[in-house]
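Here is the structure we will look at.
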Amino acid sequence: MEHSPYTDKERADLQSIGGKISAIQTKTYDGSAYKPTIRVTVTEDGRKRTLTEGTDYSVSYQQNTDAGQGTVIVRGNGLYKGTLKTTFEIKPKSVRTLKIIAGSVTTGSQSELPKSQTHLWRYKAERRRTLHHRIRSIQRQGRQQKN
């Protein structure tokens, strides 16, 4: 909500006087709300002027927590009225390790693993067999050296 002791005619519209929100840096998702520091400028009498947050405008944010595109909304206060909006990006956090846990799928009266998990299960079974054969081979070599 706009707060001003001035009448609507005395107040300048942010858009009509070239109000701009400074560029906002991209952030990487960290789970917390991103409230970037912004700078709002207007052009009055041919001169650029930086406005003061709290006195000249208020700021609100939308969709500023999760990865994706967030929005900054500036609403005029005091001598200024109207709104300015701009967007910013929150990049997804990079994934270094991905752990997938899948349950079984029941079809009729049979329970079977999904294809991706079946391949994983076969791979693990093959690794166990290979490891088991290596252990037996080492044990045989140890017995032969003792004799």
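Position 1 is the first residue of the sequence, and the numbers go up from there. Excluded from the calculations below are hydrogen atoms, water molecules and symmetry mates; all remaining heavy atoms, backbone and side chain alike, are included. Keep in mind that this is a model prediction, so the values were computed, not measured.
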Quiz prompt | Pairs meeting criterion side-chain hydrogen bond (donor to acceptor under 3.5 Å, both in side chains) with involvement of residues 34-43, two or more places apart | solution = none

Quiz item: Same hydrophobic cluster for I73 and I90, using side-chain heavy-atom links shorter than 4.5 Å among ILVMFWY?
Solution: no

Self-check item: Interatomic spacing from OG1 in T55 to CG in N77 - rounded to 0.5 Å
Solution: 8.0 Å

Quiz prompt | Heavy-atom pair with the smallest gap, counting every atom of T26 and K91 | solution = CG2-CG, 3.4 Å

Quiz item: Within a strict 4.5 Å, meaning less than it, do heavy atoms of the V40 and L84 side chains meet?
Solution: yes

Quiz item: Can you list the residues that meet the side chain to side chain contact (heavy atoms under 4.5 Å, CB included) rule with S94, with sequence neighbours excluded?
Solution: none

Quiz prompt | Residues which pass side-chain hydrogen bond (donor to acceptor under 3.5 Å, both in side chains) with Q25, listed by chain and number, not counting sequence neighbours | solution = none

Under 3.5 Å, which donor-acceptor pairs do the side chains of residues 46-54 form with other protein atoms, sequence neighbours left out?
residue: R49; atom: NH1; partner: Y80; partner atom: OH; Å: 2.5

Quiz item: Can you name the nearest heavy-atom pair linking I38 to Y57, along with the distance?
Solution: O-OH, 3.9 Å

Quiz item: What side-chain hydrogen bond (donor to acceptor under 3.5 Å, both in side chains) pairs are there with at least one residue in residues 59-73, not counting sequence neighbours?
Solution: S60-R75, Q69-T87

Quiz item: Under the ring-ring contact (aromatic ring centres under 6.0 Å, His included) rule, what pairs show up with a residue in residues 6-26, not counting sequence neighbours?
Solution: none

Quiz item: Can you name the nearest heavy-atom pair linking K93 to T28, along with the distance?
Solution: CA-CG2, 3.9 Å

Quiz item: Does anything in residues 14-29 pair up under salt bridge (charged side-chain N to carboxylate O under 4.0 Å, His left out), and if so which pairs, sequence neighbours excluded?
Solution: K27-D30

Practice problem: Could you pull out all residues at least two apart from D13 that satisfy side-chain hydrogen bond (donor to acceptor under 3.5 Å, both in side chains)? | Solution: none

